[in-house]
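Data first, discussion second: the structure below is written as structure tokens.
Throughout, a chain's letter reflects where its sequence line sits, starting with A, and its residues are numbered from 1. Note that the coordinates shown come from a computational prediction; the quantities given were computed from them, not determined experimentally.
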There are 2 protein chains.
Amino acid sequence: MQTRRRLLEAACRVFAEKGFHAARVADICRRARTNVAAVNYHFGGKAALYVEAWRHAFSLAKPSVAQIPEDWPPEKRLRAFVEDLLRNLLDTEANRPFSRLYLMELIHPTGLVTHLWRELIEPRRRVLLRILADLLHTDPDDPRVLLCDLSVIGQCRAPYLMQTADLEYLLRSPLSPHMVRRLVDHITRFSLAGIRGMAAETAQERSPGGLSRPPSTGPFSGQDP
Amino acid sequence: MQTRRRLLEAACRVFAEKGFHAARVADICRRARTNVAAVNYHFGGKAALYVEAWRHAFSLAKPSVAQIPEDWPPEKRLRAFVEDLLRNLLDTEANRPFSRLYLMELIHPTGLVTHLWRELIEPRRRVLLRILADLLHTDPDDPRVLLCDLSVIGQCRAPYLMQTADLEYLLRSPLSPHMVRRLVDHITRFSLAGIRGMAAETAQERSPGGLSRPPSTGPFSGQDP
DNA sequence: GAGAATTTGAAACAGGCATTTAAGGTTGTC
DNA sequence: GACAACCTTAAATGCCTGTTTCAAATTCTC
């Protein structure tokens, strides 16, 4: 139905902006130009709407990373990956749903989408680990790959951490498509240089201790719905 | 008074963990082993307690970055800066207040601490810009410095984005002092290599357009208290 | 076009939570 | 030891917000 789709899109935007807890059902309904009862009619409640909004956001975003050709050189694949993560930065109208939705769930775990994690997020991460392993001429379980993963992801998420106005303040420049391209370019080059620096280092001092334990619990362990 | 201090410390931890909005006054009081009315008696309300908690957290954290000797080589200063940002990662008992408090305010601006921004945060950022400018053999207004700033800060904040358990899952290793040291080491080296990569690049293709406008509004522009 | 099912609208409901209130207890002072 | 200032406690208040309710309206079926 029309209303249902409008609600989903509004929900993506509001949940992405505020997070599950701080998002107001009334806000979502105002943006969707509908009544609050519609949420409970179509979805059964705020929590269920949240889960559906996740699915909706991912249904728009998912294919791209998975479609990076595996025979591209790893440098090119890294750029494509970064580009994909930063794609949602603009679209202030359409929404910047996926990247920030995910970020919000990381910060305030609701426990509502744990089952979507392995289905939707883990495969993406595995793509990046593969790229990094290729760049470092090692395998994806190498501790250095995990650290580089954190570095790349951290850089890509940084712009989503703040309001657009604050990002523009930091960069001293309005957030245009051109600016996003420049960000992609920077993060890719910066990371490639960082990775090559690691590859050049002697591996001896980072071999023993620390980074070697198998995963214990799982992600999204917390919950406060 | 005793109670006042216990409240401040509990507030730091709870606000840092949940953010202003999601934090419950009752939670804070339970941790401080006091009654909910104490918050309103000693501080006048949740909002005022939040501001005082910020001040308290910063009073513990502030000196270090400011005390990095300016005559150290920039590589050494960068390491000291990163180390300072990651210091709060442990201290699960004492609290990991500053870094995550700040992060929460970035993500959900409350508008309650805008006045503390210039006083507390801007100076820290200027220290980093100076370091990066020295490393790039340029001045702190160079657009490349701003991009590197985003990269370094993004990497340093990444560990604070998630619950400890999730970070340990990503790193496949428990979060020990040793692990934190390794993180500091990695981020410093990775960034130094990235920065040197940028410095080596031809400056021509990143000179015109984009990154050149003076700050328009200010940070923490939003508010939803 | 009549009747039935589905969807929407406005208002009432209920629970959670910050804040207030007023009484009781503690500490310091003369 | 009495008084006063300060602090703590438990219960009450009132607001905000997700959910429910039920009537009105729309859409679908025959």
Side-chain angles (χ1 to χ4, degrees), chain A residues 1-56 101 104-105 107-113 222-225, chain B residues 1-56 101 104-105 107-113 222-225:
Chain A
M1 205 41 198
Q2 283 280 23
T3 306
R4 192 187 151 90
R5 174 154 298 266
R6 282 208 314 277
L7 270 174
L8 269 181
E9 275 163 20
C12 278
R13 277 191 279 164
V14 175
F15 282 134
E17 189 183 340
K18 309 253 188 178
F20 175 75
H21 194 92
R24 299 290 153 225
V25 173
D27 280 7
I28 295 172
C29 292
R30 198 175 315 121
R31 287 213 206 192
R33 299 190 308 282
T34 186
N35 192 279
V36 286
V39 166
N40 298 287
Y41 177 76
H42 285 284
F43 299 94
K46 186 184 180 182
L49 172 60
Y50 182 68
V51 177
E52 287 307 309
W54 259 66
R55 283 199 188 281
H56 181 69
L101 260 186
M104 287 307 204
E105 181 66 28
I107 293 174
H108 303 290
T110 63
L112 295 173
V113 287
Q223 70 286 334
D224 48 61
Chain B
M1 204 42 199
Q2 282 281 25
T3 306
R4 192 186 151 90
R5 174 154 300 266
R6 284 210 313 277
L7 271 174
L8 269 181
E9 275 163 20
C12 278
R13 277 191 278 163
V14 175
F15 282 134
E17 188 182 340
K18 309 253 188 176
F20 176 74
H21 195 93
R24 300 290 155 226
V25 173
D27 280 8
I28 295 172
C29 293
R30 198 174 314 121
R31 288 214 206 191
R33 297 190 310 281
T34 188
N35 191 279
V36 286
V39 166
N40 299 285
Y41 176 78
H42 286 283
F43 299 94
K46 184 183 180 183
L49 172 60
Y50 181 69
V51 177
E52 288 306 309
W54 260 65
R55 283 201 188 280
H56 181 69
L101 260 186
M104 286 307 203
E105 181 67 28
I107 294 175
H108 303 290
T110 63
L112 296 172
V113 286
Q223 71 285 332
D224 47 60

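Counting non-hydrogen atoms under 4.0 angstrom, Ala22(B) reaches nothing in the nucleic acid. Using a 4.0 Å heavy-atom cutoff across all strands shown, Ala23(A) reaches sugar-phosphate atoms only and no base atom.
Which of dT7(C), dC7(D), dG9(C) sits closest to the side chain of Tyr41(B) comes down to dC7(D).
A salt bridge links Glu17(B) with Arg31(B): the closest approach of a Lys/Arg side-chain nitrogen to an acidic carboxylate oxygen falls below 4.0 angstrom.
Summarising the geometry, the separation between CG on Leu7(A) and C1' on dG9(C) is reported as 14 Å, rounded to the nearest angstrom. Rounded to whole Å, atom C1' of dT17(D) lies 10 Å from atom NE2 of His21(B). Here the C1' atom of nucleotide dC15(D) and the NZ atom of Lys46(B) are 14 Å apart, to the nearest Å. Computed from coordinates, the Tyr50(B) OH to dA18(C) C1' distance equals 17 Å when rounded to whole Å. Between the CG atom of Asp27(B) and the C1' atom of dA18(C) there is a distance of 13 Å, given to the nearest Å. In this structure, Phe43(A) places its CZ atom 11 Å from P of dT8(C), rounding to the nearest Å. In this entry the distance linking CG of Asn40(B) with P of dG14(D) reads 16 Å, nearest Å. Put simply, CD1 on Ile28(A) is 8 Å from P on dG18(D), counting in whole angstrom units.
With sequence neighbours excluded, the residues satisfying side chain to side chain contact (heavy atoms under 4.5 Å, CB included) with Arg30(B) are Ala26(B), Asp27(B).
The C1' atoms of five pairs define one axis at each end of the helix from dG1(C)-dC30(D) to dC30(C)-dG1(D), and these two axes lie 10° apart (to 10°).
Side chain of Lys46(A) to main chain of Val39(A): no donor-acceptor pair is present (N/O by atom type, distance under 3.5 Å, no hydrogens or angles). Glu105(B) places a side-chain N or O within donor-acceptor distance of the main-chain N or O of Thr110(B), the cut-off being under 3.5 Å.
We find the CG-CZ distance between Leu8(A) and Arg13(A) to be 12.0 Å, quoted to the nearest 0.5 Å. The NE2 atom of His21(B) sits 12.5 Å away from atom CE of Met104(B), with the distance rounded to the nearest 0.5 Å. Between the CG atom in Leu7(A) and the CD1 atom in Ile28(A) there is a gap of 8.0 Å [rounded to 0.5 Å].
Residues His108(B) and His108(A) bring a donor and an acceptor atom of their side chains to less than 3.5 Å of each other.
Taking side-chain N and O atoms only, Thr3(A) has no distance below 4.0 Å to OP1 or OP2 of dT7(C). Distances shown here put a side-chain N or O of His42(B) below 4.0 Å from the OP1 or OP2 atom of dT8(D).
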List every contact pair, protein side and nucleotides 10-16 of chain C side both N or O, where the distance is under 3.5 Å.
from	atom 1	to	atom 2	distance (Å)
dA10(C)	N7	Asn35(A)	ND2	3.3

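Ring orientation note: the planes of Phe15(A) and Phe20(A) are close to parallel, at an angle under 30° on the 30°/60° scale.
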